[in-house]
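In each ligand, atom 1 is the first atom listed, and ligand 1 is the first ligand listed.
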Amino acid sequence: MNAYTTQLEQLKSWFFALAEKQSFFLPKKMEGVNYRFERLHCVNEQDLDLLSYRPTILPPGKHLFPDGEILFTYHKDEQGHYHFSQGSTIEPQIIAGVRSCDLKGIYLMDRVFSDGIKDTHYLQRREKTDIIAFNCLTPCDDHCFCETAQSLDFQTGADIFISPLLEKDCFLLEVQSSRGDELIKTLVSDKCVNATELKQQAMDSRPKPFGRQFVTPVEQLSEIIHHEDAEYVYQQYAKRCFSCGTCNLVCPTCYCFETKDEFELENSLDQAKGKKTRHWDACLNPGFAEVAGGHNFRPEAAARQRHRVRRKFDYLPQRFEQTFCTGCGRCGRQCTTGIDIFDIVNDVCLSVEQEQESEQ
Ligand code: SF4
Ligand code: SF4
């Protein structure tokens with residue numbers, strides 16, 4: 001792996017140069033304190049906030065799985081034969097400023113969408129996406145719990161991984177793929193021979209612990225969250241849940257979707273042409289688990305909260321051997337009523353622990 005050092009001004013110039021050639025997305029401050037991955041326009045210096053940006057409302061992985069994407073279109077010819085075409089156009093893109101928690105989110109989505117029947121729409125877009133990731137030296141805010149969720153320091157999947165160094169405005173760039181080698185050709189930089197040492201010095205400056213911590217190690221959660229005493233906790237949180245689904249929509253590891261068909265009818269209700277689109281879905285919505293005939297497998301909000309926690313810390317980890325919560329903190333940050341999966345998990349652990357102590 002090649003490593004380079006560069007200065008802030010060179011980094012900015014490089015980003016602008018890359019943005020001139022293709023779609024280049026970077027977190028940008030929107031109204032208030034919110035950040036969003038926006039396309040960088042080559043002349044707008046204020047779009048560049050490389051050091052102080054906060055977590056975006058939507059994670060960058062949603063660029064690989066856009067809401068409302070067209071899966072395919074079709075039309076019928078004069079002989080009555082149907083012809084199908086690819087839907088949304090997939091262009092090359094660079095997503096920069098991806099933090100380790102979101103990098104892990106993308107890695108997990110790569111695993112999910114290549115498991116079993118491959119999702120060609122996601123995978124084609126992923127293949128055309130280069131990722132420039134950014135290391136964190138401080139927790140992004142009070143909601144973050146990436147260290148305890150084991151995503152701090154996650155580097156897999158980035159073409160280039162950038163770490164701020166202790167020397168002011170100096171950065172280390174680790175090139176992790178052949179695409180990264182291509183990208184870095186236009187950066188003014190120096191080859192670095194003591195990358196490990198410089199990076200370690202920067203990482204040693206991090207606060208300890210880094211962000212909020214679970215009271216129980218994440219490896220033990222799959223068993224605890226199934227304990228019968230956990231039910232009471234899910235019910236307490238459900239009392240103030242609006243079942244709006246926001247926590248799902250902002251989560252980097254939620255990938256459920258539904259599809260819709262749109263027809264254009266010609267003469268005598270003939271389906272002459274149309275398209276199939278897919279849209280994000282949310283397991284916290286009351287109708288998510290409703291099936292034909294009207295039966296709902298999870299009609300109560302407590303059952304939906306329980307399901308979400310189990311998906312993140314048990315069902316999907318069993319299948320992919322990774323925790324499916326990256327500790328990004330988005331669900332707690334965006335929930336109108338302040339429900340935070342971190343609090344739910346810790347309350348479950350504490351209540352199970354108390355129950356076990358009282359039995360002894
Ligand atoms: S964002 Fe909050 S209120 Fe909305 S479904 Fe999720 S937990 Fe419930
Ligand atoms: S469950 Fe919440 S904290 Fe965990 S990855 Fe999803 S949005 Fe982030």
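The protein atom (non-hydrogen) at minimum distance from atom 8 (Fe) of ligand 2 is C328 SG, 2.3 Å. Nearest protein heavy-atom contact of atom 3 (S) of ligand 1 is F242 N, 3.2 Å. For atom 1 (S) of ligand 1, the nearest protein heavy atom (residue, atom name, distance) is C247 N, 3.4 Å. Among all protein heavy atoms, the one lying closest to atom 6 (Fe) of ligand 2 is C251 SG, 2.4 Å. Scanning the protein for heavy atoms near atom 2 (Fe) of ligand 1, the closest one is C335 SG, 2.3 Å. For atom 4 (Fe) of ligand 1, the closest non-hydrogen atom of the protein is C244 SG, 2.2 Å.
Here E231 pairs with R306 in a salt bridge; the nearest charged N to carboxylate O distance falls below 4.0 Å. Residues D153 and K104 are not paired through a salt bridge, judged by the lack of any N-O separation under 4.0 Å between the basic side chain and the carboxylate. Taking 4.0 Å as the cut-off between side-chain N and carboxylate O, K62 and D67 do not count as a salt-bridged pair. Checked for salt-bridge contact, E321 and R111 miss the test: no charged N lies under 4.0 Å from a carboxylate O. A salt bridge links R278 with D119: at least one charged nitrogen is closer than 4.0 Å to a carboxylate oxygen. A salt bridge does not link R333 to D340: none of the charged nitrogens lies less than 4.0 Å from a carboxylate oxygen.
Annotation for ligand 2: atoms under 4.0 Å from non-hydrogen atoms of P252 are 5 (S), 6 (Fe), 7 (S), 8 (Fe). Which parts of ligand 2 touch F145 is read off a 4.0 Å heavy-atom cut-off, strictly below it: atoms 3 (S). The distance from ligand 1 to the heavy atoms of I339 drops below 4.0 Å at these ligand atoms: 7 (S). Within ligand 1, counting atoms from 1 as listed, the ones closer than 4.0 Å to a heavy atom of S243 are 5 (S), 8 (Fe). For ligand 2 and R308, the ligand atoms under 4.0 Å from any heavy atom of the residue are 1 (S), 2 (Fe). Taking every non-hydrogen atom of T326 and a distance limit under 4.0 Å, the qualifying atoms of ligand 2 come out as 4 (Fe), 5 (S). Residue-ligand proximity, T337 to ligand 1, at heavy-atom distances under 4.0 Å covers atoms 3 (S).
Here the side chain of T326 pairs no donor or acceptor atom with the backbone of S151 at under 3.5 angstrom.
Between the side chains of Q235 and Q305, no donor-acceptor pair is found at a separation under 3.5 Å.
Aromatic ring centroids of Y255 and Y122 lie 6.0 Å or more apart.
Between atom CD of residue E174 and atom CG of residue D159 there is a gap of 13.0 Å, rounded to the nearest 0.5 Å.
Inclusion of C241 in the first shell of atom 8 (Fe) of ligand 1 is supported: an N, O or S atom falls under 2.8 Å.
Residue contacts with ligand 2 do not include F342, since none of its heavy atoms lies under 4.0 Å from the ligand. Judged by the shortest distance from any of its heavy atoms, R240 lies outside the 4.0 Å radius around the atoms of ligand 1. Contact annotation: H143 has no heavy atom less than 4.0 Å from any atom of ligand 2.
By the criterion of a heavy-atom distance under 4.0 Å, neither the backbone nor the side chain of Q334 is placed next to ligand 1. Looking at A301 against ligand 1, nothing comes within 4.0 Å, counting heavy atoms.
With respect to R308, the side chain to side chain contact (heavy atoms under 4.5 Å, CB included) criterion is satisfied by exactly one of R311, K312, R304: K312.
Within a 6.0 Å sphere centred on CD of E223, other residues, nucleotides and ligands contribute 12 heavy atoms or fewer.
Looking at C101, C331, C325, G329, it is C331 that brings a heavy atom closest to atom 7 (S) of ligand 2.
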